[in-house]
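Report on one structure; see the data block that follows.
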Amino acid sequence: MLKKGSKLYSILTGTCPRCHEESMYAESNPYNLGSVLKMNEHCNHCGLKYQIEPSFFYGAMYVSYGVNVALAIAVFVVCYLLHFSVTPMFISIIAVSVALYPLTLRLSRNIYINLFVSYEKPVKK
């Protein structure tokens, strides 16, 4: 399921969506907040330009919204099953959302670029 050639592999690992050989991000640690969204300009392996057009990743904001809503619902369900009251439930949702914010930023970019770029198998010579 999580092998090269699948969209899920590229989304979860942050690798180039075309060749799955190189990370799209200049910094591998998403919690280095100064460079959380700094991306390489292109893939050194296949040459894919990540910024397909100016402001390309603005569309990832919509994906990020969906990911954060799904995350908040998951935390709500867990808190509800643990019989939390409203205030601790609200604090838990905010805390988890803030703690995972760098990951959701990158995940939303990974999902968005994978909507437009498909994997291409390497040509054997």
Side-chain angles (χ1 to χ4, degrees):
M1 176 140 185
L2 188 62
K3 59 183 180 177
K4 282 189 179 183
S6 70
K7 294 269 187 198
L8 190 59
Y9 177 84
S10 178
I11 289 169
L12 294 178
T13 60
T15 55
C16 173
R18 185 185 292 162
C19 68
H20 296 186
E21 294 294 330
E22 180 180 272
S23 176
M24 294 189 296
Y25 300 97
E27 173 70 38
S28 62
N29 181 8
Y31 286 98
N32 184 355
L33 299 179
S35 61
V36 68
L37 293 179
K38 288 186 181 173
M39 298 181 73
N40 298 321
E41 286 189 36
H42 63 279
C43 177
N44 289 327
H45 188 265
C46 69
L48 174 69
K49 184 177 177 188
Y50 297 129
Q51 188 83 10
I52 296 172
E53 59 185 33
S55 306
F56 173 72
F57 285 109
Y58 282 166
M61 290 187 301
Y62 299 104
V63 175
S64 179
Y65 175 77
V67 168
N68 282 311
V69 167
L71 181 65
I73 290 171
V75 172
F76 170 79
V77 168
V78 169
C79 290
Y80 182 79
L81 293 174
L82 294 174
H83 304 291
F84 282 23
S85 63
V86 175
T87 303
M89 193 180 300
F90 179 73
I91 291 170
S92 298
I93 291 170
I94 298 299
V96 169
S97 295
V98 169
L100 296 180
Y101 189 65
L103 293 174
T104 58
L105 279 174
R106 284 197 176 182
L107 182 66
S108 62
R109 280 188 170 208
N110 296 347
I111 292 170
Y112 192 70
I113 196 167
N114 273 279
L115 292 174
F116 298 99
V117 181
S118 297
Y119 177 74
E120 293 179 8
K121 292 182 181 181
V123 178
K124 294 182 180 179
K125 295 179 182 180

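Along the sequence shown, the residues carry numbers beginning at 1.
Contact check for Met39 versus Arg109: side-chain heavy atoms found under the 4.5 Å cut-off. In this structure, the side chains of Pro17 and Leu48 come closer than 4.5 Å at one or more pairs of heavy atoms. Between Glu21 and Lys4 the shortest side-chain heavy-atom distance falls below 4.5 Å. Side-chain contact between Tyr119 and Ser6 is absent, with no heavy atoms from C-beta onward closer than 4.5 Å.
Following chains of ILVMFWY side-chain contacts shorter than 4.5 Å, one can reach Ile111 starting from Tyr25, so the two form part of one hydrophobic cluster. Placement of Val96 and Tyr101 in two distinct hydrophobic clusters is found when ILVMFWY residues are connected by side-chain heavy-atom separations under 4.5 Å, directly or transitively. Grouping the Ile, Leu, Val, Met, Phe, Trp and Tyr side chains by contacts below 4.5 angstrom, directly or via other members, places Leu100 with Val77. Hydrophobic clustering (side-chain heavy atoms under 4.5 Å, transitive across Ile, Leu, Val, Met, Phe, Trp, Tyr) keeps Val98 apart from Ile93. Linking Ile, Leu, Val, Met, Phe, Trp and Tyr residues whenever their side-chain heavy atoms come within less than 4.5 Å leaves Leu105 and Leu12 in two separate clusters.
The distance from atom CG of Asn44 to atom SG of Cys16, rounded to the nearest 0.5 Å, is 10.0 Å. Residue Tyr65 holds its OH atom at 14.5 Å from OG of Ser108, rounded to the nearest 0.5 Å. Between the CG atom in Leu115 and the OG atom in Ser118 there is a gap of 10.0 Å [rounded to 0.5 Å]. If you take CE on Met61 and CG on Asn68, they are separated by 13.0 Å, rounding to the nearest 0.5 Å. Going from atom NZ of Lys49 over to atom CD of Glu41 covers 7.5 Å, rounded to the nearest 0.5 Å.
Closest heavy-atom contact between Pro30 and Leu103: CG-CD2, 3.5 Å. Scanning both residues, Gly14 and Asn110, for their nearest heavy atoms gives CA-ND2, 3.5 Å. Closest approach of Cys46 to Cys43, counting heavy atoms only: N-SG, 3.5 Å. The two atoms that bring Asn40 and Tyr50 nearest to each other are O-CD1, 3.0 Å, heavy atoms only. The shortest non-hydrogen separation linking Arg106 to Ser35 is NH2-O, 3.7 Å. Residue Met89 comes nearest to Phe84 through the heavy atom pair CE-O, 3.6 Å, listed as atom of the first residue, atom of the second, then distance.
Checking side-chain atoms of Ser64 against main-chain N and O of Ala60 turns up no donor-acceptor pair under 3.5 Å. A donor-acceptor pair under 3.5 Å is absent between the side-chain atoms of Ser10 and the main chain of Lys7, judged by distance alone. A donor-acceptor pair under 3.5 Å is formed between the side chain of His20 and the backbone N or O of Gly5.
Residue-environment remark: OH (Tyr58) stays at or below the threshold of 12 foreign heavy atoms within 6.0 Å.
Partners of Phe56 under the ring pair (Phe, Tyr, Trp, His ring centres under 6.0 Å) rule, at least two apart in sequence or in another chain, are Tyr112, Phe116. Every residue two or more places apart in sequence or in another chain was checked for a salt bridge (Lys or Arg N to Asp or Glu O under 4.0 Å) with Glu22, and none qualifies.
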Decide side chain to side chain contact (heavy atoms under 4.5 Å, CB included) for Ser23 and Ser28; before the verdict, give the C-alpha distance in whole Å, the side-chain angles of both, and the deciding distance to 0.1 Å.
CA-CA 8 Å; Ser23 176; Ser28 62; 5.8 Å; no
